[in-house]
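Counting starts at 1 for both ligands and their atoms, following the listed order.
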Amino acid sequence: MFTGSDYGNLRGSEFWKSLLVDLDHLLHPNDHFITSFANAAAFLGQSMEDINWCGFYFFDGKKLFLGPFCGKPACTEIQLGDGVCGAAARTKETVVVNDVSTFTGHIVCDADSRSEIVLPLIDPHGELIGVLDIDSPSLSRFDSFDIQGLEQVRDLVMRKLLASGYTTLFKQ
Ligand code: SME
């Protein structure tokens, strides 16, 4: 199985192009949706340089709860509007924070985190499914290639989820 260690010196759009091809092969429509999210988190965690946390929070209709991830144990629940994750969930927009110490309300799960990107997962009806959250120990880790690449990763994961017969799996 591809582990992400073969990317060598690929950077920018070339890195993301290769990663997306491999992630597409890794995620099988017949896998349980939790399996796909778990492998996606592990794959990103292995493939992206200079990150210390990568994973999913799901939305149960009221709050975000911790899903599959790669990194240190993290806070289990986040209210809408709280922290970077809650901001992305509430606005349904990607949030990039170059220096988490400047983000009012940032939730510290791993004290090593310096910058962060959170992308919302939205279903075709516009309903919030959850978020993809990635932290780095470096300031300003995420550039425009990463934003675009991760939005494509998010879209791919959502396509796999919908192909697996998703309806409203996370709602209480
Ligand atoms: N820093 C996030 C909390 C989640 S952890 O980074 C895994 C936030 O402010 O929402």
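- In this structure, Phe69 does not count as a contact residue of ligand 1, since none of its heavy atoms falls inside 4.0 Å of the ligand.
- For ligand 1 and Cys109, the ligand atoms under 4.0 Å from any heavy atom of the residue are 3 (C), 4 (C), 5 (S), 7 (C).
- Looking at ligand 1, you'll find an N or O of Asp135 within less than 3.5 Å of one of its N or O atoms.
- To the nearest 0.5 Å, the span separating CG on Leu19 from CD on Gln152 amounts to 10.5 Å.
- Val153 and Leu20 get closest at one heavy-atom pair: N-CD2, 3.7 Å.
- Relative orientation of the Phe56 and Phe58 rings is parallel, given thresholds of 30° and 60° on the angle between their planes.
- Taking a cutoff of 4.0 Å between a charged side-chain nitrogen and a carboxylate oxygen, Asp146 and Arg141 qualify as a salt bridge.
- Protein heavy atom closest to atom 8 (C) of ligand 1, with residue, atom name and distance, is Val84 N, 3.3 Å.
- Polar contact with ligand 1: absent for Val108 (N/O pair, distance under 3.5 Å).
- Residue-level proximity to ligand 1 for Asp133 is carried by the side chain, the only part with a heavy atom below 4.0 angstrom.
- Shown in contact with Glu116 at under 4.0 Å from a heavy atom are these atoms of ligand 1, numbered in order with element: 1 (N), 2 (C), 6 (O), 8 (C).
- Of all atoms in ligand 1, numbered sequentially from 1 with element shown, those under 4.0 Å from a heavy atom of His106 are 1 (N), 9 (O).
- Remark: ligand 1 and Trp53 share no N or O pair separated by less than 3.5 Å (distance only, no angle test).
- With a 4.0 Å heavy-atom cut-off, ligand 1 is reached by no atom of Phe103.
- The shortest distance between side-chain heavy atoms of Asp133 and Phe69 does not fall below 4.5 Å.
- The shortest N or O to N or O distance between Cys85 and ligand 1 is under 3.5 Å.
- Considering Lys160, Arg159, Lys17 as possible partners of Asp24, the one that fulfils the salt bridge (Lys or Arg N to Asp or Glu O under 4.0 Å) test is Lys160.
- With 3.5 Å as the limit, one finds a donor-acceptor pair spanning the side chains of Asn52 and Asp110.
- The shortest contact between atom 1 (N) of ligand 1 and any protein heavy atom is with Ile107 O, 2.7 Å.
- The minimum heavy-atom distance between Cys75 and Ile107, with the atom names listed, is SG-CG2, 3.8 Å.
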